[in-house]
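Numbers restart at 1 for each chain; the letters A, B, ... are given by sequence-line order, proteins then strands.
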There are 2 protein chains.
Amino acid sequence: MPSKPAPITMDAVYTAPGYLFRRMQQIAVSIFVEECSAFDLTPVQYAALVAIHTHPGIDATRLSAVIAFDRSTLGNVIERLESKALIERKPSREDKRVKLLYLTKSGAAMLRDIMPSVERAQVRMLQPLKPADRKTLLTLLTQLVDLNNEASRVPLRAEDALEHLGKAG
Amino acid sequence: MPSKPAPITMDAVYTAPGYLFRRMQQIAVSIFVEECSAFDLTPVQYAALVAIHTHPGIDATRLSAVIAFDRSTLGNVIERLESKALIERKPSREDKRVKLLYLTKSGAAMLRDIMPSVERAQVRMLQPLKPADRKTLLTLLTQLVDLNNEASRVPLRAEDALEHLGKAG
DNA sequence: TGTAGATTGACAGTATACTTACAATATCGG
DNA sequence: CCGATATTGTAAGTATACTGTCAATCTACA
(Lines give C-alpha, C1' and ligand atoms only; values in the text may rest on other atoms or scores of the structure.)
Protein backbone atom coordinates (compact mmCIF):
# COMPACT_ATOMS: atom_id res chain seq x y z
CA MET A 1 0.00 0.00 0.00
CA PRO A 2 1.29 3.46 -0.84
CA SER A 3 2.16 5.65 2.12
CA LYS A 4 0.28 8.89 2.63
CA PRO A 5 2.28 12.02 1.88
CA ALA A 6 3.26 13.93 5.02
CA PRO A 7 1.12 16.99 5.74
CA ILE A 8 2.81 20.19 4.65
CA THR A 9 3.73 22.36 7.63
CA MET A 10 6.35 25.01 8.33
CA ASP A 11 8.37 22.26 9.95
CA ALA A 12 9.07 20.97 6.46
CA VAL A 13 10.95 24.23 6.01
CA TYR A 14 12.43 24.87 9.46
CA THR A 15 14.02 21.42 9.86
CA ALA A 16 15.33 21.14 6.31
CA PRO A 17 19.13 21.30 6.08
CA GLY A 18 18.88 23.66 3.14
CA TYR A 19 16.89 26.16 5.19
CA LEU A 20 19.33 25.95 8.08
CA PHE A 21 22.28 26.52 5.76
CA ARG A 22 20.64 29.56 4.20
CA ARG A 23 19.74 30.96 7.60
CA MET A 24 23.21 30.41 9.00
CA GLN A 25 24.75 32.09 5.96
CA GLN A 26 22.50 35.13 6.49
CA ILE A 27 23.58 35.30 10.12
CA ALA A 28 27.26 34.85 9.30
CA VAL A 29 27.26 37.64 6.72
CA SER A 30 25.38 39.89 9.09
CA ILE A 31 27.93 39.36 11.86
CA PHE A 32 30.87 39.80 9.48
CA VAL A 33 29.57 43.06 8.08
CA GLU A 34 28.84 44.36 11.56
CA GLU A 35 32.30 43.56 12.94
CA CYS A 36 34.02 44.91 9.84
CA SER A 37 31.83 47.96 9.30
CA ALA A 38 34.80 50.29 9.83
CA PHE A 39 36.44 48.81 6.72
CA ASP A 40 33.49 48.68 4.34
CA LEU A 41 34.55 45.25 3.10
CA THR A 42 32.25 42.28 2.43
CA PRO A 43 33.14 38.64 3.17
CA VAL A 44 33.67 37.93 -0.51
CA GLN A 45 35.87 40.96 -1.02
CA TYR A 46 37.89 39.90 2.01
CA ALA A 47 38.36 36.37 0.62
CA ALA A 48 39.49 37.81 -2.70
CA LEU A 49 42.03 40.06 -1.00
CA VAL A 50 43.48 37.13 0.96
CA ALA A 51 43.76 35.02 -2.20
CA ILE A 52 45.47 37.80 -4.15
CA HIS A 53 47.79 38.41 -1.21
CA THR A 54 48.68 34.71 -1.10
CA HIS A 55 49.01 34.40 -4.88
CA PRO A 56 50.20 37.72 -6.31
CA GLY A 57 49.77 37.88 -10.07
CA ILE A 58 46.88 35.43 -10.12
CA ASP A 59 44.31 35.91 -12.88
CA ALA A 60 40.55 36.14 -12.48
CA THR A 61 39.76 32.62 -13.63
CA ARG A 62 42.21 31.02 -11.22
CA LEU A 63 41.09 33.32 -8.45
CA SER A 64 37.53 32.09 -8.98
CA ALA A 65 38.71 28.49 -8.56
CA VAL A 66 40.75 29.30 -5.45
CA ILE A 67 37.86 30.87 -3.56
CA ALA A 68 35.11 28.77 -5.20
CA PHE A 69 33.47 31.71 -6.82
CA ASP A 70 31.68 32.13 -10.06
CA ARG A 71 33.84 33.91 -12.65
CA SER A 72 31.10 36.31 -13.63
CA THR A 73 30.40 37.32 -10.05
CA LEU A 74 34.08 37.77 -9.51
CA GLY A 75 34.29 40.28 -12.33
CA ASN A 76 32.14 42.70 -10.35
CA VAL A 77 34.00 42.01 -7.12
CA ILE A 78 37.33 42.76 -8.80
CA GLU A 79 35.91 45.91 -10.29
CA ARG A 80 34.84 47.15 -6.87
CA LEU A 81 38.16 46.30 -5.26
CA GLU A 82 39.94 48.12 -8.07
CA SER A 83 37.73 51.19 -7.76
CA LYS A 84 38.55 51.25 -4.06
CA ALA A 85 42.24 51.10 -5.05
CA LEU A 86 42.81 47.94 -3.02
CA ILE A 87 44.04 45.94 -6.00
CA GLU A 88 45.61 46.56 -9.41
CA ARG A 89 45.07 44.81 -12.73
CA LYS A 90 48.04 44.48 -15.08
CA PRO A 91 47.96 42.87 -18.51
CA SER A 92 50.02 39.70 -18.82
CA ARG A 93 52.87 39.72 -21.32
CA GLU A 94 52.49 36.04 -22.07
CA ASP A 95 48.77 35.99 -22.76
CA LYS A 96 47.04 39.05 -24.08
CA ARG A 97 43.66 37.85 -22.77
CA VAL A 98 44.78 37.71 -19.18
CA LYS A 99 44.86 40.45 -16.55
CA LEU A 100 46.99 39.76 -13.50
CA LEU A 101 45.90 40.83 -10.05
CA TYR A 102 48.05 42.44 -7.35
CA LEU A 103 47.35 44.06 -4.00
CA THR A 104 48.14 47.75 -3.79
CA LYS A 105 49.92 49.15 -0.71
CA SER A 106 46.52 50.29 0.44
CA GLY A 107 45.07 46.81 -0.10
CA ALA A 108 47.85 45.14 1.85
CA ALA A 109 47.37 47.60 4.70
CA MET A 110 43.62 47.03 4.69
CA LEU A 111 44.13 43.28 4.86
CA ARG A 112 46.55 43.62 7.78
CA ASP A 113 44.24 45.95 9.67
CA ILE A 114 41.01 44.06 9.14
CA MET A 115 42.27 40.68 10.38
CA PRO A 116 41.34 41.20 14.07
CA SER A 117 37.79 42.20 13.12
CA VAL A 118 37.43 39.19 10.86
CA GLU A 119 38.72 36.96 13.64
CA ARG A 120 36.18 38.45 16.06
CA ALA A 121 33.39 37.85 13.57
CA GLN A 122 34.33 34.19 13.11
CA VAL A 123 34.40 33.69 16.88
CA ARG A 124 31.03 35.37 17.32
CA MET A 125 29.33 33.11 14.78
CA LEU A 126 30.00 30.02 16.91
CA GLN A 127 29.95 31.74 20.32
CA PRO A 128 26.51 30.43 21.36
CA LEU A 129 27.70 26.82 21.19
CA LYS A 130 29.74 25.03 23.82
CA PRO A 131 33.43 24.86 22.86
CA ALA A 132 33.33 21.13 22.19
CA ASP A 133 30.27 21.57 19.99
CA ARG A 134 31.97 24.33 18.01
CA LYS A 135 34.75 21.96 17.16
CA THR A 136 32.35 19.16 16.22
CA LEU A 137 30.32 21.45 13.98
CA LEU A 138 33.41 22.78 12.20
CA THR A 139 34.75 19.28 11.65
CA LEU A 140 31.49 17.98 10.20
CA LEU A 141 30.97 21.07 8.07
CA THR A 142 34.49 20.90 6.69
CA GLN A 143 33.95 17.25 5.80
CA LEU A 144 30.60 17.91 4.21
CA VAL A 145 31.77 20.86 2.13
CA ASP A 146 34.75 18.84 0.96
CA LEU A 147 32.74 15.75 0.07
CA ASN A 148 30.08 17.84 -1.67
CA ASN A 149 32.62 19.93 -3.54
CA GLU A 150 31.67 18.62 -6.97
CA ALA A 151 27.97 19.18 -6.33
CA SER A 152 28.40 22.95 -6.43
CA ARG A 153 28.44 24.88 -9.66
CA VAL A 154 31.89 26.27 -8.91
CA PRO A 155 33.92 23.55 -7.21
CA LEU A 156 36.91 24.61 -5.18
CA ARG A 157 40.19 23.97 -6.98
CA ALA A 158 42.64 25.20 -4.42
CA GLU A 159 45.99 23.84 -5.47
CA ASP A 160 45.81 22.47 -8.96
CA ALA A 161 44.26 25.71 -10.16
CA LEU A 162 47.64 27.29 -9.68
CA GLU A 163 49.79 24.62 -11.31
CA HIS A 164 50.46 26.67 -14.39
CA LEU A 165 50.98 29.85 -12.50
CA GLY A 166 54.70 30.30 -12.35
CA LYS A 167 56.54 33.22 -13.72
CA ALA A 168 53.88 35.90 -13.47
CA GLY A 169 54.32 39.38 -14.76
CA MET B 1 54.79 40.95 25.21
CA PRO B 2 52.50 41.37 22.22
CA SER B 3 51.94 38.25 20.14
CA LYS B 4 52.90 38.30 16.47
CA PRO B 5 49.98 38.39 14.06
CA ALA B 6 49.43 35.06 12.31
CA PRO B 7 50.70 34.94 8.72
CA ILE B 8 47.92 35.41 6.22
CA THR B 9 47.30 32.23 4.22
CA MET B 10 44.34 30.74 2.40
CA ASP B 11 43.78 28.67 5.51
CA ALA B 12 42.54 31.85 7.15
CA VAL B 13 39.71 31.60 4.62
CA TYR B 14 39.17 27.85 4.23
CA THR B 15 38.87 27.10 7.95
CA ALA B 16 36.73 30.11 8.83
CA PRO B 17 33.16 29.19 9.80
CA GLY B 18 31.84 32.01 7.64
CA TYR B 19 33.51 30.60 4.56
CA LEU B 20 32.18 27.10 5.27
CA PHE B 21 28.65 28.43 5.73
CA ARG B 22 28.80 30.33 2.46
CA ARG B 23 30.19 27.32 0.63
CA MET B 24 27.60 24.98 2.09
CA GLN B 25 24.83 27.38 1.11
CA GLN B 26 26.12 27.46 -2.47
CA ILE B 27 26.15 23.67 -2.56
CA ALA B 28 22.69 23.38 -1.00
CA VAL B 29 21.11 25.77 -3.51
CA SER B 30 22.85 24.00 -6.37
CA ILE B 31 21.48 20.61 -5.29
CA PHE B 32 17.99 22.00 -4.69
CA VAL B 33 17.80 23.64 -8.09
CA GLU B 34 19.10 20.50 -9.76
CA GLU B 35 16.59 18.18 -8.08
CA CYS B 36 13.71 20.59 -8.68
CA SER B 37 14.66 21.67 -12.20
CA ALA B 38 11.42 20.21 -13.58
CA PHE B 39 9.47 22.73 -11.50
CA ASP B 40 11.48 25.90 -12.08
CA LEU B 41 11.19 26.86 -8.41
CA THR B 42 13.95 28.26 -6.20
CA PRO B 43 14.43 27.39 -2.52
CA VAL B 44 13.08 30.76 -1.47
CA GLN B 45 10.03 30.50 -3.70
CA TYR B 46 9.39 27.04 -2.27
CA ALA B 47 9.60 28.33 1.31
CA ALA B 48 7.19 31.14 0.47
CA LEU B 49 4.70 28.69 -1.04
CA VAL B 50 4.82 26.47 2.05
CA ALA B 51 4.27 29.46 4.34
CA ILE B 52 1.33 30.74 2.30
CA HIS B 53 -0.11 27.24 2.21
CA THR B 54 0.19 26.98 5.99
CA HIS B 55 -1.11 30.50 6.62
CA PRO B 56 -3.59 31.41 3.88
CA GLY B 57 -4.32 35.13 3.83
CA ILE B 58 -0.98 36.09 5.33
CA ASP B 59 0.42 39.48 4.29
CA ALA B 60 3.91 40.19 2.97
CA THR B 61 5.32 41.63 6.19
CA ARG B 62 4.25 38.65 8.28
CA LEU B 63 5.40 36.27 5.58
CA SER B 64 8.84 37.85 5.77
CA ALA B 65 8.95 37.21 9.52
CA VAL B 66 7.76 33.63 9.14
CA ILE B 67 10.48 32.61 6.68
CA ALA B 68 13.13 35.04 8.01
CA PHE B 69 13.30 37.01 4.82
CA ASP B 70 13.88 40.60 4.12
CA ARG B 71 10.65 42.40 3.18
CA SER B 72 12.19 44.10 0.17
CA THR B 73 13.52 40.84 -1.24
CA LEU B 74 10.18 39.22 -0.63
CA GLY B 75 8.43 41.79 -2.79
CA ASN B 76 10.23 40.49 -5.85
CA VAL B 77 9.68 36.86 -4.87
CA ILE B 78 5.96 37.47 -4.50
CA GLU B 79 5.87 39.21 -7.84
CA ARG B 80 7.47 36.23 -9.54
CA LEU B 81 5.16 33.74 -7.86
CA GLU B 82 2.19 35.84 -8.91
CA SER B 83 3.39 36.14 -12.50
CA LYS B 84 3.69 32.34 -12.55
CA ALA B 85 0.08 32.21 -11.28
CA LEU B 86 1.11 30.18 -8.22
CA ILE B 87 -0.30 32.71 -5.76
CA GLU B 88 -2.90 35.50 -5.69
CA ARG B 89 -2.84 38.87 -3.97
CA LYS B 90 -6.13 40.24 -2.67
CA PRO B 91 -6.59 43.59 -0.93
CA SER B 92 -7.65 43.36 2.71
CA ARG B 93 -11.00 44.88 3.64
CA GLU B 94 -9.80 45.80 7.09
CA ASP B 95 -6.59 47.54 6.15
CA LYS B 96 -6.27 49.25 2.83
CA ARG B 97 -2.46 49.04 2.93
CA VAL B 98 -2.38 45.28 3.14
CA LYS B 99 -2.50 42.70 0.38
CA LEU B 100 -3.35 39.17 1.46
CA LEU B 101 -1.66 36.17 -0.11
CA TYR B 102 -3.30 32.92 -1.18
CA LEU B 103 -2.18 29.88 -3.15
CA THR B 104 -3.93 29.34 -6.47
CA LYS B 105 -5.07 25.86 -7.47
CA SER B 106 -1.98 25.72 -9.60
CA GLY B 107 0.22 26.77 -6.68
CA ALA B 108 -1.26 24.13 -4.39
CA ALA B 109 -0.73 21.48 -7.06
CA MET B 110 2.86 22.61 -7.59
CA LEU B 111 3.55 22.39 -3.88
CA ARG B 112 2.10 18.89 -3.69
CA ASP B 113 4.05 17.70 -6.71
CA ILE B 114 7.41 19.21 -5.80
CA MET B 115 7.61 17.73 -2.28
CA PRO B 116 9.36 14.48 -3.28
CA SER B 117 12.03 16.40 -5.21
CA VAL B 118 12.60 18.77 -2.29
CA GLU B 119 12.89 15.77 0.01
CA ARG B 120 15.47 14.17 -2.29
CA ALA B 121 17.46 17.40 -2.37
CA GLN B 122 17.54 17.65 1.43
CA VAL B 123 18.72 14.05 1.70
CA ARG B 124 21.44 14.57 -0.93
CA MET B 125 22.90 17.57 0.91
CA LEU B 126 23.83 15.42 3.92
CA GLN B 127 24.35 12.13 2.06
CA PRO B 128 28.18 12.18 2.23
CA LEU B 129 28.10 12.09 6.04
CA LYS B 130 27.55 9.02 8.17
CA PRO B 131 23.95 8.84 9.46
CA ALA B 132 24.95 9.62 13.04
CA ASP B 133 26.98 12.61 11.88
CA ARG B 134 24.04 13.93 9.84
CA LYS B 135 21.97 13.98 12.98
CA THR B 136 24.69 15.67 15.02
CA LEU B 137 25.21 18.35 12.38
CA LEU B 138 21.50 19.08 12.12
CA THR B 139 21.15 19.30 15.89
CA LEU B 140 24.08 21.69 16.28
CA LEU B 141 23.04 23.78 13.32
CA THR B 142 19.48 24.07 14.58
CA GLN B 143 20.78 25.17 17.97
CA LEU B 144 23.18 27.67 16.47
CA VAL B 145 20.63 29.23 14.13
CA ASP B 146 18.18 29.52 16.99
CA LEU B 147 20.67 31.05 19.42
CA ASN B 148 21.97 33.44 16.77
CA ASN B 149 18.49 34.42 15.64
CA GLU B 150 18.74 38.01 16.83
CA ALA B 151 22.13 38.47 15.17
CA SER B 152 20.58 38.34 11.72
CA ARG B 153 19.04 41.37 10.12
CA VAL B 154 15.72 39.61 9.72
CA PRO B 155 15.17 37.45 12.78
CA LEU B 156 12.73 34.59 12.50
CA ARG B 157 9.39 35.38 14.16
CA ALA B 158 7.54 32.18 13.54
CA GLU B 159 4.56 32.24 15.82
CA ASP B 160 4.13 35.68 17.31
CA ALA B 161 4.24 37.18 13.84
CA LEU B 162 0.83 35.68 13.28
CA GLU B 163 -0.83 36.68 16.53
CA HIS B 164 -2.97 39.35 14.94
CA LEU B 165 -3.80 37.27 11.91
CA GLY B 166 -7.27 36.02 12.56
CA LYS B 167 -10.24 36.69 10.39
CA ALA B 168 -8.57 37.17 7.01
CA GLY B 169 -10.67 38.50 4.36
C1' DT C 1 -10.76 64.74 17.69
C1' DG C 2 -6.63 65.30 15.60
C1' DT C 3 -2.19 64.70 14.96
C1' DA C 4 2.35 62.23 16.01
C1' DG C 5 4.18 58.00 15.24
C1' DA C 6 4.04 53.34 13.44
C1' DT C 7 3.10 50.12 9.68
C1' DT C 8 2.65 48.57 4.86
C1' DG C 9 4.01 47.87 0.29
C1' DA C 10 6.74 49.88 -3.27
C1' DC C 11 10.95 51.56 -5.16
C1' DA C 12 15.96 52.65 -5.85
C1' DG C 13 20.51 51.31 -4.83
C1' DT C 14 24.37 47.92 -3.66
C1' DA C 15 26.39 43.25 -3.56
C1' DT C 16 26.46 38.46 -4.21
C1' DA C 17 25.63 34.18 -7.25
C1' DC C 18 24.39 32.07 -11.04
C1' DT C 19 23.34 31.45 -16.58
C1' DT C 20 24.27 32.09 -21.32
C1' DA C 21 26.56 34.41 -24.97
C1' DC C 22 30.36 36.71 -27.20
C1' DA C 23 34.82 38.58 -29.07
C1' DA C 24 39.63 38.29 -28.61
C1' DT C 25 43.16 35.33 -28.15
C1' DA C 26 45.69 30.69 -27.48
C1' DT C 27 46.50 26.07 -28.45
C1' DC C 28 46.40 21.82 -30.68
C1' DG C 29 45.63 18.38 -34.52
C1' DG C 30 46.48 17.35 -39.04
C1' DC D 1 50.76 26.54 -41.13
C1' DC D 2 45.80 26.56 -40.44
C1' DG D 3 41.44 25.61 -38.99
C1' DA D 4 38.69 23.42 -35.01
C1' DT D 5 38.57 23.94 -30.22
C1' DA D 6 39.36 25.93 -25.81
C1' DT D 7 40.18 29.77 -22.67
C1' DT D 8 39.72 34.61 -20.94
C1' DG D 9 37.37 38.53 -19.62
C1' DT D 10 33.13 40.86 -20.25
C1' DA D 11 28.33 41.61 -20.59
C1' DA D 12 23.30 40.83 -20.23
C1' DG D 13 19.77 38.50 -17.76
C1' DT D 14 17.66 36.30 -13.47
C1' DA D 15 17.25 35.70 -8.43
C1' DT D 16 18.42 36.41 -3.82
C1' DA D 17 19.57 39.64 0.23
C1' DC D 18 20.23 43.65 2.15
C1' DT D 19 19.99 49.25 2.84
C1' DG D 20 17.52 53.13 2.51
C1' DT D 21 13.36 56.13 1.36
C1' DC D 22 8.62 57.23 0.38
C1' DA D 23 3.46 57.79 0.24
C1' DA D 24 -0.62 55.85 1.91
C1' DT D 25 -2.75 54.39 5.74
C1' DC D 26 -3.65 53.03 10.38
C1' DT D 27 -3.26 53.52 15.59
C1' DA D 28 -2.87 55.60 19.79
C1' DC D 29 -2.36 59.31 22.74
C1' DA D 30 -3.12 63.98 24.26
Side-chain angles (χ1 to χ4, degrees), chain A residues 18-19 21-23 25-34 37 40-48 58-65 67-84 89-101 152-155 161 164, chain B residues 18-19 21-23 25-34 37 40-48 58-65 67-84 89-101 152-155 161 164:
Chain A
Y19 176 81
F21 292 136
R22 174 170 77 75
R23 195 85 188 89
Q25 155 75 356
Q26 282 181 325
I27 290 165
V29 171
S30 180
I31 290 175
F32 184 103
V33 169
E34 197 178 309
S37 60
D40 190 32
L41 210 63
T42 65
V44 170
Q45 289 168 14
Y46 161 75
I58 195 173
D59 63 89
T61 296
R62 276 175 243 273
L63 179 57
S64 96
I67 57 181
F69 235 76
D70 181 78
R71 240 182 20 177
S72 303
T73 307
L74 204 55
N76 301 324
V77 176
I78 288 173
E79 221 169 75
R80 268 169 236 127
L81 289 175
E82 200 179 19
S83 77
K84 286 197 264 189
R89 260 191 291 199
K90 298 182 188 172
S92 163
R93 288 202 203 96
E94 297 158 14
D95 188 334
K96 287 181 196 166
R97 295 168 305 178
V98 169
K99 297 181 182 179
L100 306 176
L101 303 171
S152 75
R153 297 295 174 168
V154 188
H164 305 292
Chain B
Y19 176 80
F21 292 137
R22 175 170 76 76
R23 195 84 188 88
Q25 157 73 357
Q26 282 180 324
I27 291 165
V29 171
S30 180
I31 290 175
F32 184 102
V33 169
E34 196 179 309
S37 61
D40 190 33
L41 211 63
T42 66
V44 171
Q45 289 168 13
Y46 161 75
I58 195 173
D59 63 89
T61 296
R62 274 176 243 274
L63 179 56
S64 96
I67 57 181
F69 234 76
D70 180 77
R71 243 184 16 180
S72 301
T73 307
L74 204 55
N76 301 325
V77 175
I78 288 172
E79 222 169 73
R80 267 169 237 128
L81 289 174
E82 200 179 20
S83 77
K84 287 197 262 190
R89 261 192 289 200
K90 298 182 188 171
S92 163
R93 288 201 202 95
E94 297 157 15
D95 188 334
K96 287 180 196 165
R97 297 169 304 177
V98 170
K99 298 182 180 179
L100 306 176
L101 303 171
S152 75
R153 298 293 174 169
V154 187
H164 305 291

Residues forming a side chain to side chain donor-acceptor pair (under 3.5 Å) with [X], sequence neighbours excluded:
X      : result
B:S152 : A:R23
A:K99  : none
B:Q45  : B:K84
A:R22  : none

To the nearest Å, give me how far apart [atom1] ([X]) and [atom2] ([N]) are.
X     : N      : atom1 : atom2 : answer
A:E94 : D:dT8  : CD    : C1'   : 15 Å
A:L74 : D:dG9  : CG    : P     : 9 Å
A:L41 : D:dC18 : CG    : P     : 19 Å
A:R62 : D:dT8  : CZ    : C1'   : 10 Å
A:F32 : D:dA17 : CZ    : P     : 18 Å
B:E82 : C:dG9  : CD    : C1'   : 13 Å
B:L81 : D:dT14 : CG    : C1'   : 14 Å
A:D59 : D:dT10 : CG    : P     : 11 Å

Set of residues satisfying salt bridge (Lys or Arg N to Asp or Glu O under 4.0 Å) with respect to [X], sequence neighbours excluded:
X     : result
B:E34 : B:R124
B:R71 : none
A:E79 : none

Any protein N or O atoms within reach of nucleotides 23-25 of chain D? Criterion: under 3.5 Å, listing atom names and distances.
residue	atom	partner	partner atom	Å
D:dT25	O2	B:R97	NH1	3.3

task: Give, for atom CG of B:L101 and atom CG of B:D59, the distance between the pair rounded to the nearest 0.5 Å.
output: 7.0 Å

message: How would you summarise protein contacts on nucleotides 14-19 of chain C per nucleotide, using B for base, S for sugar-phosphate only and - for none, with heavy-atom distances below 4.0 Å?
response: -SBBBB

Review item, nucleotides 2-5 of chain D N/O atoms under 3.5 Å of protein N/O:
none

- line: Of A:E79 and A:V98, the one whose closest nucleotide on DNA chain D sits nearer the 5' end is A:V98

query: Of all residues at least two apart in sequence or in a different chain, which pass the side chain to side chain contact (heavy atoms under 4.5 Å, CB included) check with B:N76?
result: B:R80

field: Non-hydrogen atoms of B:L74 and B:S64 that approach each other most closely
entry: CD2-N, 3.4 Å

Listed partners of A:F21 passing ring-ring contact (aromatic ring centres under 6.0 Å, His included), at least two apart: none

